[in-house]
Peer 1: 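The structure's right below; bear with me while I get my questions together.
Excluded from the calculations below are hydrogen atoms, water molecules and symmetry mates; all remaining heavy atoms, backbone and side chain alike, are included.
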Amino acid sequence: MESISVFEIIKVGIGPSSSHTMGPWNAAAAFIRILNRERSVAEVKEVFLEFFGSLAKTGIGHGTDIAGMLGLNGEDFKTIDTSKIDEKVARIKNDQILNLGGEKEIPFIYGHHLVLNMQKSLDFHPNGMIFKAIFEDGTELVQDFYSVGGGFIASQEKNSIQKHCIRTLYPCHHGSDIVKYCEKLGLKKVSDLILMNEESWRSKEETRQEALYIWQQIKECIYKGVNKEGVLPGGLNVTRRAAGINRKLLGDKVYRNLDEWFQQVVDAEENFTNINKWIACFALAVNEENASFGRIITAPTNGASGVIPAVLMYSQAFTPFTSEDDIVRFLLVAGEIGTLFKKNATISAAMGGCQAEVGVSSAMAAAGLTEILGGSVGQVLMAAEIAMEHHLGLTCDPIKGLVQIPCIERNTMGAIKAITAANIALESDPGKAKVSLDEVIQTMWETALSMSDRFKETSEGGLAIAVNVPEC
């Protein structure tokens with residue numbers, strides 16, 4: 001089984017969906033690389049892109065079509081000016097020209113060269129897409145891709161085109177592996193083991209810097225979210241709430257930048273109600289940014305991108321564990337728990353419902369928080385198990401295919417459950433636990449396989465059909 005770095009699970013992304021936006025964007029970029037490897041972009045006459053299954057059914061709401069166009073246009077979601085996305089897409093549609101790979105302008109008619117096929121699904125995975133290039137000499141190159149969750153992509157020929165073929169010194173593919181190696185090496189902290197394994201990709205100092213970079217991106221995303229009013233795009237007319245909660249909690253306090261705002265949060269009155277509202281505010285801020293094509297931290301997906309930021313911000317604002325070391329340890333452990341779900345179950349809502357997104361993120365956050373609050377190896381795994389156990393069966397039923405209702409509020413619930421799970425684990429004896437993390441991961445996967453496709457990000461069940469709203 002392949003090893004996965006924690007920074008493949010927790011990484012910089014763009015809203016609104018990791019599987020439906022980032023995955024297709026990554027696939028388009030991969031197709032450009034294949035074109036240049038096999039022939040040359042300069043030789044391409046036309047390009048066609050067809051989305052199937054869940055990608056087609058909820059594609060408009062998730063910006064799947066936008067991701068495909070911009071990816072083929074040579075844009076990078078990690079660096080693109082998000083405020084220019086609408087303008088760039090409008091230019092492609094109006095001019096009917098695509099600058100393939102940023103190198104060659106070719107004709108591109110939306111609805112002809114890009115199609116959302118809602119009547120068909122590809123067998124390999126619900127999130128399927130097919131790219132086809134026609135060269136000037138009339139020959140063709142066709143490639144299938146599948147968005148398998150968290151921005152990861154695969155093809156039928158290769159299980160994952162993003163693998164780096166790396167095997168860590170102490171491979172942890174199950175929770176039992178973490179326990180085994182920690183006992184063997186005499187380690188008291190899970191993060192010490194993960195830090196050693198991350199050296200397969202980069203030095204310890206580089207790992208530390210990457211974690212702190214992620215933390216800075218989290219703070220910036222939350223800060224943007226708590227300072228932005230208005231209505232979210234997409235047609236549901238969902239009002240942003242994070243800014244109002246932030247304003248109410250801070251009262252007449254003034255701040256001019258992120259650092260001053262964060263200090264105001266730290267200095268704010270601490271009682272159960274206020275802290276609870278702050279946690280909700282942090283999660284809402286991130287997911288409101290996600291819903292509006294903002295740059296966020298994918299952890300492990302975009303639909304669940306508010307959970308880990310909310311819990312980590314809670315730990316830094318309202319607990320004594322506020323050092324950079326604590327931040328690094330939190331993210332290392334959270335990321336590693338995410339790899340266990342990816343390798344043994346799924347982090348794709350199209351495969352497993354929202355238990356695969358918010359459920360996994362809550363388990364990740366619970367483990368990370370337990371780690372820095374002084375939990376033992378067993379308590380860290382127990383916290384992750386508790387958080388997931390109480391998300392089992394959670395469906396993915398976004399209204400109109402938008403990552404807004406119930407997705408945004410659902411992240412606040414995932415964050416609170418993570419904190420509760422950590423607190424329970426810290427007061428428990430893991431030796432007396434009746435359910436292991438590995439068992440709950442297996443149960444989550446079996447639940448995913450049994451779940452109706454109507455509840456797997458198709459907008460064909462649950463709230464998606466129970467709530468009547470005007471066409472978006």
Side-chain angles (χ1 to χ4, degrees), residues 15-16 82-83 215-297 299 302-322 327 358 361-362 365 369 399 402-420 422-423 463 467 469:
T82 56
S83 68
W215 167 236
Q216 182 62 30
Q217 293 298 306
I218 285 173
K219 289 193 295 182
E220 290 180 6
C221 181
I222 293 175
Y223 184 68
K224 288 178 182 177
V226 300
N227 286 286
K228 204 172 288 184
E229 307 267 5
V231 174
L232 295 173
L236 284 179
N237 296 317
V238 174
T239 302
R240 286 176 174 264
R241 285 174 286 178
I245 297 173
N246 175 71
R247 187 168 54 251
K248 185 175 181 179
L249 287 170
L250 290 183
D252 57 0
K253 294 179 180 177
V254 177
Y255 54 86
R256 293 164 295 183
N257 53 50
L258 190 161
D259 291 335
E260 290 184 5
W261 169 79
F262 180 70
Q263 192 57 51
Q264 296 283 13
V265 174
V266 172
D267 295 339
E269 180 183 354
E270 292 188 21
N271 57 56
F272 178 82
T273 300
N274 280 4
I275 291 175
N276 186 283
K277 288 180 179 179
W278 274 120
I279 294 164
C281 180
F282 301 149
L284 290 172
V286 172
N287 286 93
E288 287 169 358
E289 281 296 288
N290 180 64
S292 54
F293 269 95
R295 185 163 291 112
I296 46 82
I297 294 299
N302 287 22
S305 59
V307 177
I308 283 176
V311 177
L312 182 53
M313 182 67 84
Y314 156 79
S315 77
Q316 297 304 293
F318 303 116
T319 79
F321 303 91
T322 60
I327 294 166
V358 169
S361 189
S362 186
L369 182 61
I399 296 176
L402 297 169
V403 192
Q404 297 180 17
I405 303 173
C407 320
I408 295 174
E409 287 181 358
R410 192 166 279 174
N411 277 256
T412 70
M413 300 297 108
I416 293 298
K417 284 186 181 181
I419 295 169
T420 301
N423 287 332
L463 288 175
V467 179
V469 294

Peer 1: Does a side-chain heavy-atom distance below 4.5 Å link N287 with S305?
Peer 2: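 Yes - at least one pair of side-chain heavy atoms lies under 4.5 Å apart.
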
Peer 1: Does one side chain, of W261 or N227, offer a donor that lies under 3.5 Å from an acceptor on the other?
Peer 2: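 No.
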
Peer 1: Atom OG1 in T412, atom CG in L284: separation rounded to 0.5 Å?
Peer 2: 6.0 Å

Peer 1: What's the separation between atom CD in E220 and atom CD1 in I297, rounded to the nearest 0.5 Å?
Peer 2: 9.5 Å

Peer 1: Specify the closest pair of heavy atoms between S361 and A299, including all atoms of both residues, with the distance to one decimal.
Peer 2: OG-O, 2.9 Å

Peer 1: Ignoring hydrogens and angles, tell me if any N or O in the side chain of Q404 forms a donor-acceptor pair with the backbone of I399 under 3.5 Å.
Peer 2: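 No; judged by distance alone, with no hydrogens or angles, the pair does not exist.
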
Peer 1: On a heavy-atom basis, which atom in A291 and which in I408 lie closest, and how many Å separate them?
Peer 2: CB-CD1, 4.3 Å

Peer 1: State, to 0.1 Å, how close V226 and C281 come at their nearest heavy-atom pair, and which atoms those are.
Peer 2: CG1-SG, 3.7 Å

Peer 1: Which atoms form the tightest heavy-atom contact between G225 and E288, and what is the distance?
Peer 2: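 Looks like O-OE1, 4.4 Å.
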
Peer 1: Can you measure from CD1 (I296) to OG1 (T82) and round to the nearest 0.5 angstrom?
Peer 2: 11.5 Å

Peer 1: For K228, give me all partners under side chain to side chain contact (heavy atoms under 4.5 Å, CB included), at least two apart in sequence or on another chain.
Peer 2: R240, E289

Peer 1: Please list, one pair per line, the donor and acceptor atoms closer than 3.5 Å that link side chains of residues 306-316 to other protein atoms, with sequence neighbours excluded.
Peer 2:
{"unit_1": "S315", "atom_1": "OG", "unit_2": "L312", "atom_2": "O", "d": "2.6"}
{"unit_1": "Q316", "atom_1": "NE2", "unit_2": "F321", "atom_2": "O", "d": "3.0"}

Peer 1: Could you give the distance from CZ (F282) to CG (N411), rounded to the nearest 0.5 Å?
Peer 2: 14.5 Å

Peer 1: Starting at CZ of R247, measure out to CG of D252 and round the result to the nearest 0.5 Å.
Peer 2: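 Result: 13.0 Å between the selected atoms.
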
Peer 1: Using the side chain to side chain contact (heavy atoms under 4.5 Å, CB included) rule, take F318 and I419 through it: C-alpha gap first, then chi angles, then the decisive distance, then the call.
Peer 2: CA-CA 12 Å; F318 303 116; I419 295 169; over 6 Å; no

Peer 1: Could you report the tightest heavy-atom contact between L250 and Y255, atom names first, then the distance?
Peer 2: CD1-CE2, 3.7 Å

Peer 1: Tell me every residue that passes side chain to side chain contact (heavy atoms under 4.5 Å, CB included) with P16, counting only those two or more places apart in sequence or in another chain.
Peer 2: T21, N290, F293, V403

Peer 1: Which atom pair, heavy atoms only, marks the closest approach of D267 to K253?
Peer 2: O-NZ, 4.0 Å

Peer 1: Not counting sequence neighbours, which residues clear salt bridge (charged side-chain N to carboxylate O under 4.0 Å, His left out) with E260? List them please.
Peer 2: R256

Peer 1: Tell me whether the count of non-hydrogen atoms from other residues, nucleotides or ligands lying under 6.0 Å of CD in Q217 goes above 12.
Peer 2: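 Check passes, neighbour count above 12.
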
Peer 1: If the condition is side chain to side chain contact (heavy atoms under 4.5 Å, CB included), which residues does L249 pass it with, not counting sequence neighbours?
Peer 2: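 Residues passing side chain to side chain contact (heavy atoms under 4.5 Å, CB included) with L249: I245, N274, K277, W278.
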
Peer 1: Please enumerate all residues that pass salt bridge (charged side-chain N to carboxylate O under 4.0 Å, His left out) together with E270, with sequence neighbours excluded.
Peer 2: none

Peer 1: Would I222 and V286 satisfy side chain to side chain contact (heavy atoms under 4.5 Å, CB included), going step by step from the backbone distance to the final call?
Peer 2: CA-CA 5 Å; I222 293 175; V286 172; 3.6 Å; yes

Peer 1: Against L236, only a single residue in T239, L232, V238 fulfils side chain to side chain contact (heavy atoms under 4.5 Å, CB included); can you say which?
Peer 2: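 Single pass found, and it is V238.
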
